[in-house]
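All remarks here apply to the structure that follows.
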Amino acid sequence: MRTHLCGALRMKHVAEQVRLGGWVHRRRDLGGIVFVDLRDREGIVQVALGPAWAEPDVIATAHEIGAENVVVVEGTVAERPEKARNPDMATGDIEVQASSFRVVGPADTPAIPVWRTKGEPPPSEEHRLEHRHLDLRRPEMQRNLELRHRLLQRARRSMSDMGFYEIETPILTRPTPEGARDYLVPSRVNPGQFFALPQSPQMYKQVLMACGMDRYFQIARCFRDEDLRADRQPEFTQIDIEASFVSASDVHRTVESVLVDLWEEGGQVIEAPFPTMSHADAMERYGTDKPDLRYGLTIEDLGAELSGRGFAAFDQAIEEGGRIRGIRVEGGAVLSRKQLDVLATEARKAGAGGLATLKRKDDQLSGPLARLDGMAIENCGLDEGGLLLVAAGADQLTSVVLDRVRLGLIDLLQPTPRTDHAFTWIDEFPLFEATKDGTGWQPAHHPFTAPREEDAERLRAGEVAGLRSQHYDVVYNGNELGSGSIRIVDPELQLCVLEAIGMGREEASRRFGFLLRALRSGAPPHGGFALGFDRITMLLAGADNLRDVIAFPKTTAARALFEDTPTAVSQDELRELGIRVLHE
RNA sequence: GGGGUUGUAGCUCAGUUGGUUAGAGUGCCGGUCUGUCACACCGGAAGUCGCGGGUUCAAGUCCCGUCAGCCCCGCCA
């Protein structure tokens, strides 16, 4: 039907007869001659309709054609006149002189424009989602989905080349009451009973290891019925990996290898192996478990310098078992009062009472801390032009506060990054964390994560607090790309973990019986990882939003505007499923 | 569940201290135009100011509620 794609035509095609199909991107009607920019997935080419080569009725069709009609064009590729070339277009040296111009897919006037001038803002997110069939025609979105396609293919090739089998696991699976909220699916054949959509294929992939599959991967769709964020969708895709007879470093090397390939596919060169930082170090120096290591600005303990010097808030924090921590900012004295206020507001939003500052400028100290007992230029610990930002309290609080302050500083000062690609492993995560009500414990990640070997005996002995796990995250420029762990293979140790989180043997066997059974049947040591594929695609696409790399995403209220979903269903359907809806 | 923010023509936006007929650009419709590429020029149509209530002589503008988009907190083993 077609001989070429619009965007593929070049000088070498001059004089060729071609047949093209595409969408009318833009029309410039000069009366005697009409130019139509014809668009397909590959790009845009100018179609010219003039009396020298086109019949009047053909030109008449072009006179009337509106944007986004689908047309099939026949004609000759011609070199453009010297002065009529367009160096901004890949196809700008040529045009197609059409002898035939047929509308094969008539279009209503588009509700949102596909074509935009430079610098024109895109339509609102709401309109873009509502008219996704038009939004996805925009070259930016086509580029994003093309990149996503290439990354998917590359991930498959990398994993397959390393000996991993791609194995699909069920979408209709078993509800898991802990963790995120499940999306439930009623079973008509078993009234009153439900499947859940998988939050991840976690247990299946472990069972596959017990099955002797040795190495598994899957481009897995996962579902979590929780509230959304810019970087969180209710259904998302992860590159899910599991391997047998591996240590944590084996898993790290595998994940690094995939990431190097994906970044290469995205046009970036990165180096592996990545450095490793313990969770405790990350919290101490950056206040977060996903530090952006492109920048310094680390957090320091300032207790020795700043306590007992007449600053009540500091001394009180120490008395209550907290600490005084802060960030020394070289050259930070350039920040204005207003900018410091922005940082102080960030600090207060994170729960701090305030943000204490000390500024050294023109060999004068200023800011609230300048009035501390004995504070002077000689002992202030700041070089000329320096700034000190300080928070006091429990570590849990000051970490969150100083993390926010640090990100705010980076935003305000725009320091030159040390590198464009700061990858790091974070390991030695705690195995358990206290529940919100403080009465019990829950797994810091999931209950299948193995404790560090030296902590396993303490766990068997019933200890819970302070145990460290063999869990690890990979972090890139302040973004968590994924996480994984070495798993528990000893069923008795697995039961200890479940017991620690308040689950008796009976309940454990009811919920996780199939996994425990697989572990008892002879399971190899194994571990794995899961990479957030949407987020990786977003970062490599330079998008600031997951929706821009997903063809049909959900809104922040977990609705699909294009297909208008979710929706009510008929009473008949509900009756068949044995479900009654309560209206409140 | 909570907080912030936005909602005015198909689209992107402006709209002063509450004031009489709600504007612009673009798109759309009609016309002129043979080298444009944000074509140019002339003319025209186009509004439930998200929705509901209230205050007021008078509401796009103020107040209350509500719906929707976005961002954040909680939540996301």
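In the text below, chain A, chain B and the rest are named by the order of the sequence lines, each starting its count at 1. What you are looking at is a predicted structure, and each value in this text was computed from that prediction instead of being measured.
Whole-Å rounding puts the Lys349(A) NZ to rG74(B) P distance at 13 Å. The distance between atom CG of Leu561(A) and atom P of rG50(B), rounded to the nearest whole Å, is 19 Å. Put simply, CZ on Arg559(A) is 8 Å from P on rA68(B), counting in whole angstrom units. Taking atom CG of residue Asp564(A) and atom P of nucleotide rG69(B), one finds them 11 Å apart after rounding to whole Å. What separates CD of Gln238(A) from P of rC76(B) is a distance of 17 Å, to the nearest Å. Rounded to a whole Å, the CD atom of Glu226(A) is 16 Å from the C1' atom of rC72(B). Distance CG (Asp182(A)) to C1' (rC75(B)): 15 Å, rounded to an integer number of Å.
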Pull out every protein N or O sitting under 3.5 Å from an N or O of nucleotides 1-7 of chain B, one pair per line with the distance.
unit_1 : atom_1 : unit_2    : atom_2 : d
rG1(B) : O6     : Asp227(A) : OD2    : 3.4

Find every protein N or O atom lying less than 3.5 Å from an N or O atom of nucleotides 9-13 of chain B, and list the pairs.
unit_1  : atom_1 : unit_2    : atom_2 : d
rG10(B) : O2'    : Ala111(A) : O      : 2.7
rC11(B) : OP1    : His127(A) : NE2    : 2.7
rU12(B) : OP1    : Ser124(A) : N      : 2.5
rU12(B) : OP1    : Ser124(A) : OG     : 3.4
rU12(B) : OP1    : His127(A) : ND1    : 3.4

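On a pure distance criterion of 3.5 Å, no polar donor-acceptor pair joins the side chain of Arg224(A) and the base of rC76(B).
The partner of rA24(B) is rU12(B), judged by Watson-Crick or G-U wobble contacts that both fall below 3.5 Å. The base-pairing partner of rG43(B), taking Watson-Crick or G-U wobble contacts with both distances under 3.5 Å, is rC29(B). rG7(B) is paired with rC67(B) under the Watson-Crick or G-U wobble criterion, all donor-acceptor distances under 3.5 Å.
Among residue pairs with one or both ends in residues 41-57 of chain A, none qualify as salt bridge (charged side-chain N to carboxylate O under 4.0 Å, His left out); sequence neighbours excluded. The side-chain hydrogen bond (donor to acceptor under 3.5 Å, both in side chains) pairs that include a residue from residues 82-93 of chain A are Glu79(A)-Arg85(A), where partners are two or more places apart or lie in different chains. The stretch residues 196-209 of chain A participates, sequence neighbours left out, in these salt bridge (charged side-chain N to carboxylate O under 4.0 Å, His left out) pairs: Lys205(A)-Asp240(A), Lys205(A)-Glu242(A).
Not counting sequence neighbours, the partners of Tyr183(A) by the side chain to side chain contact (heavy atoms under 4.5 Å, CB included) test are Leu197(A), Phe223(A), Asp225(A), Pro234(A), Ala558(A). Annotation: side chain to side chain contact (heavy atoms under 4.5 Å, CB included) contacts of Thr345(A) (sequence neighbours excluded): Arg348(A), Lys349(A). The side chain to side chain contact (heavy atoms under 4.5 Å, CB included) search around Pro51(A) returns Ile59(A), not counting sequence neighbours. The side chain to side chain contact (heavy atoms under 4.5 Å, CB included) search around Asp289(A) returns His279(A), Met283(A), Phe429(A), not counting sequence neighbours. Remark: His127(A) engages no residue in a ring-ring contact (aromatic ring centres under 6.0 Å, His included) (not counting sequence neighbours). Qualifying side-chain hydrogen bond (donor to acceptor under 3.5 Å, both in side chains) partners for Arg80(A), counting only residues two or more places apart in sequence or in other chains: none.
When all heavy atoms are compared, the tightest approach of Leu5(A) to Leu20(A) is C-CD2, 4.3 Å.
Distance check on atom C1': rU17(B) versus rA59(B) gives 14 Å, rounded to whole Å. Rounded to whole Å, the C1' atom of rC71(B) lies 24 Å from the corresponding atom of rA14(B).
Within the 4.0 angstrom heavy-atom criterion, only backbone atoms of the sugar-phosphate kind lie near Ala557(A); the bases stay farther away. Contacts of Pro447(A) with the nucleic acid, taken as non-hydrogen atoms under 4.0 Å apart, include base atoms.
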Pair Tyr204(A)-Thr173(A), side-chain hydrogen bond (donor to acceptor under 3.5 Å, both in side chains): steps then yes or no:
CA-CA 10 Å; Tyr204(A) 290 110; Thr173(A) 179; 2.8 Å; yes
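Checked by atom type, the side-chain pair Ser485(A)/Arg487(A) shows a donor-acceptor distance below 3.5 Å.
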Treating primed atoms plus P, OP1 and OP2 as sugar-phosphate and everything else as base, which nucleotides of nucleotides 33-40 of chain B get B, S or - for protein heavy atoms under 4.0 Å?
BBBBBBB-
